[in-house]
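First the proteins, then the strands, lettered A, B, ... as listed; each starts at 1.
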2 protein chains.
Amino acid sequence: MPMLMLKNLPRYECLLEASKEFPDLDPSACEAFLHLLHAGDECFRAIELNLGRHNISQGRFGVLMCLMSQCRSDGVDAALSPAELADRAGVTRATMTGLVDTLERDGLVTRAPDQEDRRMMVVSLTAKGRQLLHEILPEHFQRMAILMHTLSEPERKTLVRLLHKIKEQAAKLAPPAAAHLASTG
Amino acid sequence: MPMLMLKNLPRYECLLEASKEFPDLDPSACEAFLHLLHAGDECFRAIELNLGRHNISQGRFGVLMCLMSQCRSDGVDAALSPAELADRAGVTRATMTGLVDTLERDGLVTRAPDQEDRRMMVVSLTAKGRQLLHEILPEHFQRMAILMHTLSEPERKTLVRLLHKIKEQAAKLAPPAAAHLASTG
DNA sequence: TCTCCATGGTTAGCTGCCTAACTATCAGCC
DNA sequence: GGCTGATAGTTAGGCAGCTAACCATGGAGA
């Protein structure tokens with residue numbers, strides 16, 4: 001997520017300086033905030049690097065994961081509609097069309113008309129798609145573990161607790177947009 | 001950052017279940033990781049909502065902030081080259097061209113040839129751009145404060161400390177891409 | 001049965017990100 | 001001065017996100 005923030009976090013002294021001009025700026029809050037976004041960004045990149053080596057983006061990867069999760073929980077090779085995929089992925093149906101387009105083009109998913117509702121398509125994982133996931137996931141999870149094992153178990157618990165608090169507050173400031181997204185497009 | 005993760009975080013039991021199929025998956029690490037990305041996403045959205053009301057994206061906002069920071073530290077209405085902007089913002093020069101295009105179109109920045117190096121343009125903030133920032137920033141910082149004041153000061157310190165650890169690890173897994181970015185494009 | 005509204009998937013256009021390529025300019029070396 | 005390599009900004013094309021609009025289908029109510 002480039003541009004999420006500037007490359008270098010402002011030094012605390014700069015924040016202090018800026019708070020003279022902008023009284024609403026709380027240096028401590030600003031610092032923590034930027035660190036949170038920065039850390040998220042760095043973690044995102046660490047994971048993305050692995051995906052990029054397999055020529056797949058986070059978005060497409062997410063679609064494949066949705067489809068695979070669906071299979072596993074049912075033990076059946078179930079399929080999902082683009083709308084359902086969009087809902088789970090938190091993007092619009094329009095966006096999902098594009099994602100499924102390229103996934104289908106690459107032979108990772110198939111798309112077929114739904115038998116019961118003529119408005120709908122259904123998307124399912126191909127063997128190739130499943131295979132790709134099995135290639136990707138070991139290192140994907142390893143990287144995740146490497147990153148988070150920087151912290152001890154108690155530290156991770158603390159982190160999750162603090163993050164949970166922030167998320168709750170964020171949900172008040174910005175009601176989940178995902179609820180309307182899959183309807184959009 | 002849509003698609004960063006699926007809309008709903010998997011329950012811990014699901015992670016446990018998945019770890020049977022994927023031995024590299026550490027449920028605790030995975031949980032903390034996803035929480036971090038989710039929290040970042042939510043905070044991003046909370047801030048973005050305010051920006052959106054002023055018809056400006058995070059990216060364009062960042063450019064304006066770069067230019068304003070440059071002014072303030074010098075006390076002079078200095079300008080930056082697109083390459084310098086790209087470097088600070090962590091995007092490619094190609095991307096910066098587009099951002100500056102729309103900012104210029106909206107009268108928020110001006111672009112002029114550099115006097116000393118005919119290859120270069122210089123970009124500066126207009127009064128309109130500065131004005132927009134002064135309209136945006138109060139609530140921008142308020143939102144930031146609201147979010148981070150969910151935590152006490154000690155909790156924020158803890159959070160920053162933990163995040164710093166993770167970022168260091170991430171830097172090892174994914175060396176800063178920004179170093180090459182501004183050269184790209 | 002007909003009408004209206006909701007739903008689904010896609011398209012078009014825009015923005016923002018990337019890479020690769022291009023032209024113009026600059027700097028250093030011979 | 002000429003040549004070479006580096007640098008700057010832009011363009012083209014692709015991907016991913018959005019909104020709005022569109023057409024087809026489905027469901028509910030009269």
Side-chain angles (χ1 to χ4, degrees), chain A residues 1-4 41 44-45 48-49 51-52 55-63 79-87 89-106 108-109 111-123 177-178 180-185, chain B residues 1-4 7 41 44-45 48-49 51-52 55-63 79-87 89-106 109 111-123 177-178 180-185:
Chain A
M1 42 190 149
M3 289 297 288
L4 186 60
D41 188 32
F44 179 89
R45 288 179 192 274
E48 197 173 46
L49 195 61
L51 296 182
N55 287 305
I56 192 161
S57 64
Q58 279 274 11
R60 290 162 29 103
F61 174 69
V63 174
L80 291 168
S81 70
E84 183 63 39
L85 283 171
D87 181 49
V91 299
T92 64
R93 288 177 296 148
T95 298
M96 188 51 67
T97 298
L99 287 177
V100 175
D101 280 349
T102 60
L103 288 170
E104 187 185 30
R105 178 199 69 195
D106 295 344
L108 302 176
V109 304
R111 194 195 239 139
D114 189 75
Q115 307 280 22
E116 302 179 355
D117 186 336
R118 300 239 296 259
R119 295 173 299 185
M120 288 176 43
M121 307 293 286
V122 289
V123 182
H180 92 276
L181 272 175
S183 312
T184 303
Chain B
M1 40 192 154
M3 291 296 289
L4 188 60
K7 187 174 69 173
D41 187 35
F44 179 89
R45 289 178 193 275
E48 196 172 48
L49 195 61
L51 297 182
N55 286 306
I56 192 161
S57 63
Q58 279 271 12
R60 292 162 28 103
F61 173 70
V63 174
L80 291 168
S81 70
E84 184 62 40
L85 282 172
D87 182 48
V91 300
T92 65
R93 288 175 297 147
T95 299
M96 188 51 66
T97 298
L99 286 177
V100 175
D101 279 350
T102 61
L103 287 171
E104 187 183 31
R105 180 199 67 195
D106 296 343
V109 304
R111 194 196 239 139
D114 188 75
Q115 307 281 25
E116 302 179 353
D117 185 334
R118 298 241 297 260
R119 294 173 300 186
M120 288 177 40
M121 306 293 284
V122 290
V123 182
H180 91 277
L181 271 175
S183 313
T184 304

Pair B:Val100, B:Met121 - check side chain to side chain contact (heavy atoms under 4.5 Å, CB included), show working. CA-CA 11 Å; B:Val100 175; B:Met121 306 293 284; over 6 Å; no
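Look at CG on A:Asp101: it is 7 Å from P on C:dT11, rounded to the nearest Å. Across the protein-nucleic acid pair, A:Glu48 atom CD and D:dC15 atom P stand 16 Å apart, rounded to whole Å. Nucleotide C:dC17 holds its P atom 8 Å from the CE atom of B:Met96, rounded to whole Å. Atom CG in B:Asp114 sits about 14 Å away from atom C1' in C:dA24, given to the nearest Å. To the nearest angstrom, C1' of C:dC14 lies 13 Å from CG of B:Asn55. Rounded to whole angstrom, the span from the CG atom of A:Leu85 across to the P atom of C:dG8 amounts to 12 Å. Separating the CG atom of B:Leu99 from the C1' atom of D:dG9 is a distance of 14 Å, rounded to the nearest angstrom. With rounding to whole Å, A:Glu104 atom CD is found 17 Å from D:dC15 atom C1'.
Between C:dG16, D:dA8, C:dT25, one nucleotide has an atom nearer to the side chain of B:Met120 than all others, and that is D:dA8. The nucleotide whose nearest atom lies closest to any side-chain atom of B:Thr97 is, among D:dC15, D:dT11, C:dG9, D:dT11. Across D:dC18, D:dG9, C:dC26, the shortest atom-to-atom separation from the side chain of A:Val91 is found for D:dC18. Residue A:Thr95 places its side chain closer to D:dC18 than to any other of D:dA16, C:dC17, D:dC18. Closest contact between the side chain of B:Asp117 and the listed nucleotides C:dT25, D:dA16, C:dT15 involves C:dT25. Side-chain atoms of A:Arg60 lie closest to D:dA16 of the nucleotides C:dT15, C:dG9, D:dA16.
In plain terms, the two heavy atoms of B:Asp106 and B:Arg60 that are nearest each other are OD2-NH2, 2.9 Å.
Qualifying side-chain contact (heavy atoms from CB on, under 4.5 Å) partners for B:Asp114, counting only residues two or more places apart in sequence or in other chains: B:Glu116, B:Asp117, B:Met120, B:Val122. By the salt bridge (Lys or Arg N to Asp or Glu O under 4.0 Å) test, B:Arg111 is found to be paired with B:Asp101, B:Glu104, residues two or more places apart in sequence or in another chain being considered.
Put simply, the side chain of A:Arg93 does not reach to within 4.5 Å of the side chain of A:Asp87, judged on heavy atoms.
Two residues, B:Glu84 and A:Gly98, neighbour DNA chain D, and the one matched to the more 5' nucleotide by heavy-atom proximity is B:Glu84. Between B:Arg119 and A:Met121, the one whose closest nucleotide on DNA chain C sits nearer the 5' end is A:Met121.
Side-chain to base pairing of B:Arg93 with D:dG9: one donor and one acceptor N or O lie within less than 3.5 Å of each other.
A:Ser57 has no side-chain polar atom (N or O) that falls below the 4.0 Å cut-off from OP1 or OP2 of D:dC15. OP1 or OP2 of C:dT15 lies within a sub-4.0 Å distance of a side-chain N or O belonging to B:Arg105. Side-chain N/O atoms of A:Thr92 include one lying less than 4.0 angstrom from OP1 or OP2 on D:dC18.
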